[in-house]
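Since the structure comes first, as structure tokens, the remarks are kept for the end.
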Amino acid sequence: MFDSRHIRTFDEVVRAGSYSAAARALGYTQPAITQQMKALERAVGTPLFIRVGRRMRLTEAGEALSRHAGVILDSIATAQQQMAALTGLRAGRVRMCAFPSAGATLVPEALARLAVEHPGVRVELQESEPPESLARVVRGECDITLAFTYPGLREQVPPELVEIPLLEDQLTVLLPAGHPMAWRRAVRLEELAHERWIAGCLRCRSNFLHECAELGFAPDIVFTTDDNLVVQSLVAEGLGIAMMPGLVLSFLVHEKVTGRPLDPASRRQVSAYVLREHLEIPATALVLDGLKAVAANRVGC
């Protein structure tokens, strides 16, 4: 293995033509230059210079190394510049997975701030629902994932991941505008046991069924869809009611539907998940800070 300091000194000796001239150029003593060149020759396994009178001449090995020295030093300089850019947050790439309602709310605001303050940091966004989004972080397909969990479900989070809680997202019952309970400030889930229901994604549907079972009834689910706009359109036409997270209603509300909170309140936990070692990567830490700041401003979602 070559020591980059020795390569730099060797390159200067070749340029200057002698140890003494290289010592003056680099600010070293001549014995220090001599020691470095001896160390480099031991690493190479053969002499790099021979003396011809008062002059020094490169051996065949020295000629070969001289041809590569400039490339090696340029590569080191380029690598140092790139590392400085990454650690100084002038550059970097973060791959993020997010479920749809987080991708429509938390993510755009956080990335807009980032684009202004650190334009060299690039964030690539992919849509993915838990638990698949968690598995993608473990597999190295993304660096950060935004996911949600429900307190009543015993959901497994891969042990390799660190959870960064962002907010509690309150669940709301979505009713058509003319529904008898639309005038209420809050509704109890058991009061809606006789209704026809529209269910969402698998994880949300599992939580809904769990909450209904805890109250002693099995809901009549007539439609199932992951599309929040479809859910609201079906509710608007009186084809059923639905349970929907507050994040969705913060950016998408059909004019013919109304949302009412549950009593007692029901919430899901929205968090960011990363591999522990990624917390030390400056660009990743910066994106996490942005998400936490945006989430802190969303009270009562």
Side-chain angles (χ1 to χ4, degrees), residues 1-97 111 114-126 136-144 160-162 274-290:
M1 295 291 291
F2 297 157
D3 187 319
S4 61
R5 296 170 300 174
H6 297 168
I7 296 293
R8 185 169 287 107
T9 301
F10 169 79
D11 189 59
E12 187 58 41
V13 171
V14 174
R15 291 173 184 273
S18 68
Y19 287 179
S20 57
R24 288 193 297 270
L26 295 174
Y28 294 160
T29 63
Q30 183 170 331
I33 298 292
T34 301
Q35 290 301 317
Q36 288 194 38
M37 290 304 91
K38 286 182 178 180
L40 182 58
E41 287 178 333
R42 285 195 298 272
V44 171
T46 186
L48 298 172
F49 300 96
I50 58 173
R51 286 191 174 276
V52 180
R54 294 185 177 181
R55 299 179 59 83
M56 298 187 67
R57 191 175 72 191
L58 290 169
T59 63
E60 183 178 2
E63 293 280 2
L65 183 57
S66 179
R67 289 193 294 271
H68 292 289
V71 175
I72 294 170
L73 294 174
D74 287 345
S75 296
I76 292 172
T78 300
Q80 289 174 333
Q81 290 169 2
Q82 291 179 352
M83 294 304 101
L86 290 170
T87 56
L89 293 174
R90 296 192 301 276
R93 182 185 70 150
V94 179
R95 300 165 300 164
M96 183 190 304
C97 287
L111 297 193
L114 182 68
V116 172
E117 298 172 4
H118 299 279
V121 176
R122 175 187 176 91
V123 179
E124 298 175 359
L125 179 62
Q126 308 164 41
R136 293 184 71 177
V137 180
V138 175
R139 293 196 301 263
E141 296 172 7
C142 62
D143 306 309
I144 300 173
E160 303 95 323
L161 299 183
V162 176
V274 297
L275 293 170
R276 186 173 302 278
E277 52 267 31
H278 283 192
L279 293 172
E280 305 300 322
I281 299 175
T284 300
L286 187 71
V287 173
L288 290 172
D289 287 343

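Owing to the predicted nature of the structure, the values given are computational and were not obtained by experimental measurement. Heavy-atom basis, side chains included; hydrogens, waters and symmetry copies ignored.
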### Task
Take Glu124 and Arg93 through the salt bridge (Lys or Arg N to Asp or Glu O under 4.0 Å) test and state the conclusion after the steps.
CA-CA 7 Å; Glu124 298 175 359; Arg93 182 185 70 150; 3.6 Å; yes
### Task
Not counting sequence neighbours, which residues clear salt bridge (charged side-chain N to carboxylate O under 4.0 Å, His left out) with Arg5? List them please.
Asp3
### Message
Please report the interatomic distance OG(Ser20) to CE(Met56), rounded to the nearest 0.5 Å.
### Response
9.5 Å
### Query
Under a 4.5 Å cut-off applied to non-hydrogen side-chain atoms, are Val287 and Met96 in contact?
yes
### Task
Indicate yes or no for a side-chain donor-acceptor contact from Ser66 to the backbone of Gly62 under 3.5 Å, with no hydrogens or angles considered.
no
#### Entry: Minimum side-chain heavy-atom gap Ile7-Leu65 below 4.5 Å
yes
### Query
Going from CD on Glu63 to CZ on Arg57, what distance comes out if it is rounded to the nearest 0.5 angstrom?
9.0 Å
### Task
Quick one: sort the Tyr19 and Phe49 rings into parallel, tilted or perpendicular, breaks at 30° and 60°.
perpendicular
### Task
With sequence neighbours excluded, tell me which residues meet side-chain contact (heavy atoms from CB on, under 4.5 Å) with Leu279.
Val162, Ile164, Val274, Leu288
#### Entry: For Gln35, side-chain hydrogen bond (donor to acceptor under 3.5 Å, both in side chains) partners two or more places apart
none
### Query
Okay, side chain of Asp143, backbone of Arg95: is any donor-acceptor separation there less than 3.5 Å?
yes
### Task
Could you pull out the closest heavy-atom pair between Ala25 and Glu12, with the gap in Å?
CB-OE2, 3.5 Å
### Task
Return the set of residues passing side-chain hydrogen bond (donor to acceptor under 3.5 Å, both in side chains) with Arg276 (not counting sequence neighbours), or none when no residue passes.
none
### Ala61: side-chain contact (heavy atoms from CB on, under 4.5 Å) partners, not counting sequence neighbours
Thr46, Leu48, Thr59
### Message
So Ile50 and Leu58, do their side chains get closer than 4.5 Å, heavy atoms only?
### Response
no
### Query
Tell me, do Arg136 and Gln126 make a side-chain contact under 4.5 Å, heavy atoms counted?
yes
### Message
For the CD atom on Glu60, are there more than 12 heavy atoms of other groups (residues, nucleotides or ligands in this structure) within a distance under 6.0 Å?
### Response
no
### Task
Of all the heavy-atom pairs spanning Ala22 and Ala16, show the shortest one and how long it is.
N-CB, 3.7 Å
### Query
Taking it one step at a time, do Leu286 and His118 satisfy side-chain contact (heavy atoms from CB on, under 4.5 Å)?
CA-CA 9 Å; Leu286 187 71; His118 299 279; 3.3 Å; yes
### Task
Could I get the full list of side-chain hydrogen bond (donor to acceptor under 3.5 Å, both in side chains) partners for Gln36, not counting sequence neighbours?
Thr9
